[in-house]
Amino acid sequence: MRTSQYLLSTLKETPSSAEVISHQLMLRAGLVRNLASGLYTWLPTGLRVLKKVENIVREEMHRAGANEILMPMVQPADLWEESGRWDDYGPELLRLNDRHKRPFVLGPTHEEVITKLVANELSSYKQLPLSLFQIQSKFRDEIRPRFGVMRGREFLMKDAYSFHLEQDCLEKTYQTMFYAYCRIFDRLGLNYRPVLADTGSIGGDASHEFHVLADSGEDDIAFSDASDFAANVEKAEALAPVEERAEPSQKLAEITTPNVKNIDDVADFLNLDVKTIIKTLLVCGIENDQGDIPIVALVLRGDHQLNEVKVENLPQISSPLTFATDEQILSAVNCNAGFIGPVGLTIEVIVDRSAAQLSNFVCGANKNETHLTGVNWQRDCSENEIADLRNVVEGDPSPCGQGNIVIKRGIEVGHIFQLGTKYAEAMKCAVLNEGGKNQTLTMGCYGIGVSRIVAAAIEQNHDKYGIKWPEAIAPFQVAIVPMNMAKSARVKETAEALYKQLIQAGIEVLFDDRKERPGVMFADHELMGTPLLLIIGERNLDAQQIELKNRITGEKSLLAIDEIMSLFK
RNA sequence: CGGUGAUUAGCGCAGCUUGGUAGCGCACUUGGUUUGGGUCCAAGGGGUCGCAAGUUCGAAUCUUGCAUCACCGACCA
């Protein structure tokens, strides 16, 4: 490709709307342009990268035995009614009507369509297991699209689905997909980790997320410093403290705490460590037969954070998690938020493992402007249900039993999980088994955020000059940068000849044939992140040499012209 | 959805307080100059100042409403 025929569209200045570095560089290097909130046009350079990522994903899916298909982006609403997600899926699901006023959705994912398809196409266990995938645009009407294509509303995703008669077969394919994902991210040249994940609203048993490690990531990942354990903080178990609870040594006392509203205030007021204070949060339980919603108290150590996913997974708590309103709090405990404590509560109380290990602690007295000190479990309030309610923090013992937790940020680029029979049951996806009986299939589901990978790769590979593409996904393998070609026939001839050779050899080459100063060319190619530059100038032509510059290492070397082609063998 | 801020040329911004025919830098066009790291000089083109209404002789500027975009939070595959 010659730059004179190419839409280069680089920008010297950073558009003000771009927050993270990948978004800034994608705009500056001319990869994408914003159309509306969360919607992007892919320019030639960006599309080249996107296609490369897509192809690596496709190749590895084929290697894993999956068949490529393509499903429509627009899906009839009745499929979603059938699966129950028409009601369950929130406003993220974009709903629309056609000219006959029939309802449709813009697909945020394709479980319904594929399950329906397989239900219609398969009839015998002999056709199983079967894996299908597509690479298709999805639309999710995100509340807050941000970070460019990292969290866009329309984005490119590879989604694969596997169908099985039995769980052990599903597990085998799950393993195959796990390794396929590792191969994909290895080939992409990214620093990534598979991490244990919560199965979330989709349900199912086992789940791993694949995260690209980057400070700008939106997820917290808990690692062990002594093993290869890694889990999303949502999922990482906070183990019960091993030390025995200390015996009560203080008397229970009531103190007046005016204008003390949160844990930090209490700690300041009493000059105590927040770790000796507990906080009590009131949330909504599951609606009972009378249609009442019970309020449940959750007790945590002052320095710990509530883990909403863990709480939602408790049988007595409503999902999604809903905090009690001020009115509900007042009627349940007869005081305001900020002064609630477990002593004397009549509602159900669930205590976090770490909070349960405390003795002689401070808590709210269920009376405004009042706290209790010297509180002890059993002696002052009944022994309650104990559960893991909190996020792990750095330094916690790792749930794998080895080492301690370290927390890093990650960008979720892949997610695999064992779906089970949820959709197969809803969509009546079954085949005849060996015994001639109808048997509902069990499913696996495997997603990769293709467009998000492009952003994640930049987050991980850039410097002050621009993008440093991993070789496998660079838009061009090499650029020819002639110095002052307009004035030097020799430079022009050499550049043209080299360009022709590279094209013939099937190399993806960008020939900078603009009449630009060298600095402009260098700056553009460094911004675009082309891994290799071939710099042709009068200076080295006397010796029949061309300068080779490596974008990643910064190394420069001189090569004889006839050696150039051997670089690409 | 709540809070905050923004909206003036393709991009980055000034002008608004104190109303009087819209400016700077980059980019773009033309000519010259320069040519191994974003040259320099000169001359140009490009704007319903987000939209609508109001105040006024006169509105980018003051008032009101709306829209869009972004950030923080809530929410969420």
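Because the structure is a prediction, the values reported are computed rather than measured. In the text below, chain A, chain B and the rest are named by the order of the sequence lines, each starting its count at 1. Computed over heavy atoms, backbone and side chain alike; hydrogens, waters and symmetry mates excluded.
Backbone-only engagement by A:Glu308 is indicated by non-hydrogen atom pairs under 4.0 Å involving sugar-phosphate atoms exclusively.
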Contact pattern, 5' to 3', of nucleotides 2-16 of chain B - B, S or - by protein heavy atom under 4.0 Å: ---------BSS---

Annotated protein contacts, base or backbone, on nucleotides 31-36 of chain B with a non-hydrogen cut-off under 4.0 Å, one of B, S, - each: ---BBB

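Of all nucleotides present, none satisfies the Watson-Crick or G-U wobble test against B:G47 with each distance under 3.5 Å. Remark: B:C26 base-pairs with B:G10. Criterion, Watson-Crick or G-U wobble with two distances under 3.5 Å. In this structure, B:U63 forms a base pair with B:A53, meeting either the Watson-Crick or the G-U wobble geometry with both donor-acceptor distances under 3.5 Å.
Shown here are the ring-ring contact (aromatic ring centres under 6.0 Å, His included) partners of A:Phe223, two or more places apart in sequence or in another chain: there are none. Partners of A:Lys12 by side-chain contact (heavy atoms from CB on, under 4.5 Å), not counting sequence neighbours: none found. Scanning for side-chain contact (heavy atoms from CB on, under 4.5 Å) contacts around A:Ser488 gives A:Arg490, A:Val491, A:Glu538, with sequence neighbours left out. Listed by chain and residue number, A:Glu425 satisfy the side chain to side chain donor-acceptor pair (under 3.5 Å) test with A:Thr421 (two or more places apart in sequence, or in another chain).
Dashed line: the shortest gap from a side-chain N or O of A:Arg144 to OP1 or OP2 of B:C71 is under 4.0 Å.
Within the 3.5 Å criterion, the main-chain N or O of A:Met150 finds a donor-acceptor partner in the side chain of A:Arg452.
Comparing B:C69, B:G37, B:C72 by their closest approach to the side chain of A:Arg146 singles out B:C72.
Side-chain atoms of A:Gln24 and A:Thr14 form no donor-acceptor pair, as typed in the model, at a separation below 3.5 Å.
Position along RNA chain B of the nearest nucleotide to A:Arg140 versus A:Ala36 favours A:Ala36 as the more 5'-ward residue.
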